[in-house]
There are 2 protein chains.
Amino acid sequence: MASPATRAVRSDGIRSREAILRAAASFASMHGLEELSLGELAAEVGISKSGLYAHFGSKEDLQLATIATATAIFEEVVLVPARRVPPGRDGLVALSDAFCEHIRDRVFPGGCFFDTVAADLVAHPGPVRDAVTDFLRGWRALIREHIRVAAERGELAPGEDLEQLEFDLIAYLSLAHALFRIDGDERVIDRAERAVRQRLGVSLDTAPGTPKRRVAVRRH
Amino acid sequence: MASPATRAVRSDGIRSREAILRAAASFASMHGLEELSLGELAAEVGISKSGLYAHFGSKEDLQLATIATATAIFEEVVLVPARRVPPGRDGLVALSDAFCEHIRDRVFPGGCFFDTVAADLVAHPGPVRDAVTDFLRGWRALIREHIRVAAERGELAPGEDLEQLEFDLIAYLSLAHALFRIDGDERVIDRAERAVRQRLGVSLDTAPGTPKRRVAVRRH
DNA sequence: CCTACCGATCGGTAGG
DNA sequence: CCTACCGATCGGTAGG
């Protein structure tokens, strides 16, 4: 009952919980959160199915925790790096590049975790779906905010329809995810990066203020 | 054993088969072809589960037949009407409008049948997935062919990257499907129609050669 | 974390 | 088209 032993046990528990959630996030990025089976997941991480219930009270608990894990990963590999570039037109390009790179690097094996699970959850209302749509709403709001700043700074074409621009940019990034998922062809990701630049009137070679950073490839 | 009796029985069988397939196509446009459950489907059309096996030898048979039905519906409500406009830039606008209208009209309650089931099937290789990706390849090839003709006729901006144009147009239409599915907000469909026109340099009011036709709303 | 179990549902079959 | 069933798997629980 010494403190170190207790800490070791708890540490193992946390490690195990994290291993489960990383596996769940990977699986869900391929198959969706609805198709996530507790039996399959348990087998993959090497514990019994009811062992999962030591960590999560229900499938819904696990789904929500998986979304939190995926959010943290997305934050780390997309949002934080992109924040090195100030908001506005260059910020949009940086965000687009970081997003595209996280798909190319297969941070989640199924492409964009949130696009995959959103499609899966449309027909299943509830707190899990709400958590996912909340994230996607935030993602779109971030892009909208960049556009607002870009317009304020006169970085956009005069008379640009801001809502239309938002739609177009999200369309390019979403299709990069969808086609890469189906074909596994990296060229569609290049297409998306180019589409964003072209739509913003940014040079196709190297975007100013967007140093070509190669984020450390981290498989989760 | 008279010929009329035989014909009547067969006719009922065909009617029933068609009713099953229409229900299956509707269900799959919401939930995907993988989540399609034979028990649920049977209950919805009012027969027993094993009654389905009188019409289809296996779930895969049913899935393939459902794809064929959805293809026929898509052909009828999107491709045929769009063919009234000659290929090229105007043909692209007509195709885009017809596609958008079939989403707006909820011909399939889940939006674009093929986009939904493709997302569902990515993780399930086999003949069913192949049939869906074949359809989508054909859809993209049709758009590509329109673009080729438009370029040939000098209807596009000089130096236009045709592959990039194809990517962009498909991105707009796919996002119309995805966002309408999630939000049910018709404005995203308007956004897609506008994005296509803008990208093609066509007037946003009324596209020349594209009479605003309201296709008869047919619920399948 | 485990074994052992629950009722429900899955795709599919036997036999009519 | 039906009833009656099959083995497998689902999410979840009891009890340790």
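Within every chain, numbering begins at 1; the chains are lettered A, B, ... in the order of the sequence lines, protein sequences first and strands thereafter. All values below were derived from every heavy atom in this structure, side-chain atoms included, with hydrogens, water molecules and symmetry-related copies excluded.
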Inset, instruction - Measure the distance from NE2 on A:H55 to P on D:dG11 and round it to the nearest whole Å. - result: 17 Å

Inset, instruction - Before accepting this row, confirm whether a basic side-chain N of the pair A:R104/A:D190 lies closer than 4.0 Å to the acidic partner's carboxylate O. - result: yes

Legend entry - From CA spacing to verdict: salt bridge (Lys or Arg N to Asp or Glu O under 4.0 Å), B:D161, A:R191: CA-CA 11 Å; B:D161 181 339; A:R191 284 279 159 220; 3.1 Å; yes

Inset, instruction - In whole angstrom, give the distance that lies between atom CD of B:E40 and atom C1' of C:dA8. - result: 13 Å

Inset, instruction - For residues B:T116 and B:H177, determine if any side-chain heavy atom of one lies less than 4.5 Å from a side-chain heavy atom of the other. - result: yes

Inset, instruction - Can you label the angle between the A:F108 ring and the A:F113 ring as parallel, tilted or perpendicular, going by 30° and 60°? - result: tilted

Legend entry - Separation of atom NZ in B:K49 from atom C1' in D:dC5, rounded to whole Å: 10 Å

Legend entry - salt bridge (Lys or Arg N to Asp or Glu O under 4.0 Å) evaluation trace for B:D134 with B:R137: CA-CA 5 Å; B:D134 280 356; B:R137 246 192 290 276; 3.5 Å; yes

Inset, instruction - Identify which nucleotide among C:dG12, D:dC2, D:dC10 has an atom closest to any side-chain atom of B:Y53, counting heavy atoms from C-beta outward. - result: C:dG12

Legend entry - Stems formed with participation of DNA chain D [Watson-Crick or G-U wobble, under 3.5 Å, three or more pairs]: C:1-16 with D:1-16

Inset, instruction - To the nearest Å, give me how far apart CZ (A:F56) and C1' (C:dC1) are. - result: 13 Å

Inset, instruction - Consider only side-chain N and O atoms of B:E34 and A:H31, and report whether a donor and an acceptor are under 3.5 Å apart. - result: no

Legend entry - Closest to side chain of A:S58, choosing from D:dG12, C:dC1, D:dC2: D:dG12

Legend entry - A:S50, nearest nucleotide to its side chain (from C:dG12, D:dC10, D:dT13): D:dT13

Inset, instruction - For B:L38 and C:dA8, give me the distance from atom CG to atom C1', rounded to whole Å. - result: 16 Å

Inset, instruction - In whole angstrom, give the distance that lies between atom CG of B:L52 and atom P of D:dT3. - result: 13 Å

Inset, instruction - Give the rounded distance in Å between these two atoms: CD of B:E34 and C1' of C:dT9. - result: 16 Å

Legend entry - Nucleotide of C:dT3, C:dC10, D:dC2 approaching B:I47 most closely (side-chain heavy atoms): D:dC2

Inset, instruction - Work out which heavy atom in B:K59 is nearest to a heavy atom in B:L33; give both atom names and the distance. - result: CE-O, 4.0 Å

Legend entry - Spacing of A:L41 atom CG relative to D:dT9 atom P, expressed in whole Å: 16 Å

Inset, instruction - Would you mind classifying the nucleic acid contact of B:L36 as base, sugar-phosphate or nothing, using non-hydrogen atoms under 4.0 angstrom? - result: sugar-phosphate

Inset, instruction - Just call it for A:S37: base, sugar-phosphate, or nothing, with non-hydrogen atoms closer than 4.0 Å on any strand. - result: sugar-phosphate

Inset, instruction - Would you indicate what B:L62 reaches in the nucleic acid, counting non-hydrogen atoms under 4.0 angstrom: base, sugar-phosphate, or nothing? - result: nothing

